[in-house]
Amino acid sequence: MVGVPRSTGCHTCIRRRVKCDETHPECLRCQRRGLSCPGYVKDRKFCAYSKTASIDQDEKETKSTTTIRSAQSTPKDLVATGASSMDQVLAPTLAAKNIDLQCREGFCTFLDTKYRYQYYGHSCRLGVTWFDMVRSNQYSAAEAFNWGLRSVGALQMGRALQDYRLVHASREMYGRALYHLARTLNDPALVTADTTLAAAILLGGYEMANVTGKKAWMLHSRGISHLYQLRGAQAHADGMGRTLLLSFKGFLVYEALLNGERCFLEDKEWKQIIPQMIEDEKRRGKVSRLGALIDYAGHEVARCPGFVKRTRSLVANTSTSDDEREDLVESITGCQNTLYEYQTELTTGVKSSRRSQEADFAGVISADLVGPLWDFSMQGVNAAIAILEQLLTVLKADRSRRKVSTARPSQQDYKLGKNAWDVLDYSSISRAIAAGRRARQAPGPEQRGDFETWFDRVSMTMGMLEETAPFMY
């Protein structure tokens, strides 16, 4: 009998089970992934079929499934018995390689759907992309990294196919990745390796996507933050390190705001590597003025969590001096003015590029991605400016309140400290800033109606969403 694939898509899209846009001569999906599109010609295959052959094939599949399931012991059993990993047991078989490849392709689909604009908007500027890491044998020896890829890929496939068995398998893979990551973190020679940080980021992404606990992703984010600081800023100036920083820095700001803590990305050493990044792009011919402005604006945005924390501490302190307050006001005003400048440059540059007056503004960034990049980045910049404006309002009101309380001590109606805000007629946002109100649980994709775009929005807006901070509603 003759078998001809009924789908009209290219071979790669058919194999990945995704809808092909059928653009000729090469589909856009393959172009965006950096693959050579195999085209649309359908090969016929001749299959001999008999009842006996069918029975034999069913027996082989049953035996293969049994072998795979027996090798997939739980992470707890793996640790307790010291059994070999899944790769060591099944690597000689075609089934194991096929499973691994499918999981890796599943991870690529995860990037396609959850980080579409973030990945394709910035990967063109990078020396090493996630797709490069996934498809390279260079990182195959890192067990935590491999199992992290498989866990996210299996979860993506399970969700897409509505296959609970795949979702359950992804949890077992996640457990194994945790086990190997814990061992790696205890090894001084590997704790600062690129693959160690990459594995931690993958597991943090898995927690956000699978929601194993209400605040589990925040715990991962805190650990990832420590790894960044342990590695130092220079480790992220180029290569795989830069890719890893770009992948998660929005979530670092997001988590810092939620916890009411400063973000380490505001430190000068992290701003000083931006010129090095831009110089590296020039050497590789990957220049983009738009991308550079977003990088610089991102550093200013990362200062917001620190300003919020300092403002809360200053207002709650009964012995705050005028010099301390003025110093904070000056720092906040300087950051706000800088963000206004980036806001103007981004808007002017995008408008000029649309009129073809400044063709080099976008540089290597594709024209169809300039709009989304500008829009999301402006949302983040505008949100940061709004927060800083509220902080200045609070500091101004605090100064006036203290002057009144000093001038009329016998008729003081105000209580210094955390309760002082209750008697002042500020906006709900200002009162929330001063009181340090916390959300009952950390906002995440499971609480939103936009699960498919939530990851992209956090990354692209540099962590500045409406629900980012407890005082932004």
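This structure is a prediction, so every number in the text was calculated from the model and none was measured.
- For the pair Met462/Lys249, no side-chain contact is recorded, criterion being any heavy-atom separation below 4.5 Å from C-beta on.
- Taking CD1 from Ile294 and CZ from Arg289, the interatomic distance works out to 11.5 Å, rounded to the nearest 0.5 Å.
- Aromatic pair Phe107/Trp130: ring centres closer than 6.0 Å.
- Put simply, the side chain of Arg116 reaches to within 4.5 Å of the side chain of Asp456, judged on heavy atoms.
- With contacts defined as side-chain heavy-atom distances shorter than 4.5 Å, the pair Arg150/Asp100 qualifies.
- Under a 4.0 Å N-O distance rule, the pair Asp112/Arg33 qualifies as a salt bridge.
- Side-chain N or O atoms of Asp21 include one that pairs as donor or acceptor with a backbone N or O of Leu28 at under 3.5 Å.
- No side-chain heavy atom of Met157 sits under 4.5 Å from any side-chain heavy atom of Thr109.
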Q) Hey, mind stepping through Ser170 and Tyr206 against side chain to side chain donor-acceptor pair (under 3.5 Å) and telling me if it holds? A) CA-CA 9 Å; Ser170 76; Tyr206 182 93; 3.0 Å; yes

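- Counting only distance, with no hydrogens or angles, the side chain of Thr196 and the backbone of Thr192 share no donor-acceptor pair below 3.5 Å.
- Using modelled atom types, no side-chain atom of Arg159 and backbone atom of Ala154 make a donor-acceptor pair closer than 3.5 Å.
- A distance-only check finds no donor-acceptor pair linking the side chain of Ser225 to the backbone of Ser221 [under 3.5 Å].
- Within the 4.5 Å cutoff, the side chain of Cys20 has no heavy atoms near those of the Ile14 side chain.
- Heavy atoms only, all atoms of each residue included: Arg125 and Ala292 are closest at NH2-N, 4.0 Å.
- Considering all non-hydrogen atoms of both residues, Glu26 and Ser36 come closest at OE2-OG, 4.4 Å.
- Atoms CZ and CZ, from Arg135 and Phe131 in turn, are 6.0 Å apart once rounded to the nearest 0.5 Å.
- When atom types are taken as modelled, the side chain of Gln162 and the backbone of Gly158 share no donor-acceptor pair closer than 3.5 angstrom.
- Between the side chains of Tyr174 and Glu207, at least one donor N or O lies within less than 3.5 Å of an accepting N or O.
- With values rounded to the nearest 0.5 angstrom, Leu101 atom CG is found 8.5 Å from Arg15 atom CZ.
- Between the NZ atom in Lys309 and the SG atom in Cys304 there is a gap of 15.5 Å [rounded to 0.5 Å].
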Q: I would like to know whether Val301 and Tyr296 meet side chain to side chain contact (heavy atoms under 4.5 Å, CB included); could you show each step before the answer?
A: CA-CA 9 Å; Val301 169; Tyr296 277 111; over 6 Å; no

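- For the pair Asn210 and Leu155, the tightest heavy-atom approach, listed with the atom from each and the gap, is OD1-CD1, 3.6 Å.
- Using a 4.5 Å heavy-atom cutoff, the side chains of Met464 and Gln379 are not in contact.
- Side-chain rings of Trp217 and Tyr254 approach one another, their centers coming within less than 6.0 Å.
- The backbone N or O of Asp295 sits nowhere less than 3.5 Å from a side-chain atom of His299 that would complete a donor-acceptor pair.
- Closest of all the heavy-atom pairs between Tyr164 and Arg171 is OH-NH1, 3.9 Å.
- Judged by distance alone, with hydrogens and angles left aside, the side-chain atoms of Asp132 form no donor-acceptor pair with the main-chain N or O of Val128 at under 3.5 Å.
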Q.
Show, in sequence, the C-alpha distance, side-chain angles and deciding distance for Tyr119 and Thr129, and conclude whether the side chain to side chain donor-acceptor pair (under 3.5 Å) test is met.
A. CA-CA 9 Å; Tyr119 180 80; Thr129 69; 3.3 Å; yes

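- Electrostatic pairing of Lys271 and Glu300 counts as a salt bridge here, judged by a charged N lying under 4.0 Å from a carboxylate O.
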Q | Candidate pair Gln118 and Phe376, rule side chain to side chain contact (heavy atoms under 4.5 Å, CB included), full reasoning | A | CA-CA 10 Å; Gln118 171 72 5; Phe376 280 117; over 6 Å; no

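- Aromatic rings from Trp270 and Phe264 are positioned such that their centres are separated by under 6.0 Å.
- When all heavy atoms of Leu244 and Asp194 are compared, the pair lying nearest together is CD1-O, 3.5 Å.
- Within a 6.0 Å sphere centred on CZ of Arg310, other residues, nucleotides and ligands contribute more than 12 heavy atoms.
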**Q.** Step-by-step side chain to side chain contact (heavy atoms under 4.5 Å, CB included) determination, Asn146 to Thr195
**A.** CA-CA 9 Å; Asn146 287 332; Thr195 50; over 6 Å; no

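- The CZ atom of Arg29 sits 12.0 Å away from atom CG of Leu35, with the distance rounded to the nearest 0.5 Å.
- Proximity of Lys114 to Gln156: side-chain heavy atoms (C-beta onward) are separated by under 4.5 Å at one or more points.
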(Q) Please determine whether side chain to side chain contact (heavy atoms under 4.5 Å, CB included) holds for the pair Tyr115 and Tyr120, giving the CA-CA distance in whole Å, both sets of side-chain angles, and the decisive distance to 0.1 Å. (A) CA-CA 8 Å; Tyr115 292 91; Tyr120 291 108; over 6 Å; no

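- If you check the side chains of Asn259 and Glu255, you find a donor sitting under 3.5 Å from an acceptor.
- Ion pair Asp238/Arg284 not flagged as a salt bridge, since none of the NZ, NE, NH1 or NH2 atoms sits closer than 4.0 Å to an Asp/Glu carboxylate oxygen.
- Here the CZ-CG distance, from Phe361 to Leu346, works out to 5.5 Å after rounding to the nearest 0.5 Å.
- Nearest heavy atoms, Ala302 versus Glu266: O-CB, 3.8 Å.
- In this structure, Leu227 and Leu185 have side chains that are in contact, with non-hydrogen atoms separated by less than 4.5 Å.
- Annotation for Arg183: atom CZ does not count as buried by contact number, only 12 or fewer foreign heavy atoms lying within 6.0 Å.
- Using a cut-off of 4.0 Å between Lys/Arg side-chain N and Asp/Glu carboxylate O, Arg242 and Glu281 are scored as salt-bridged.
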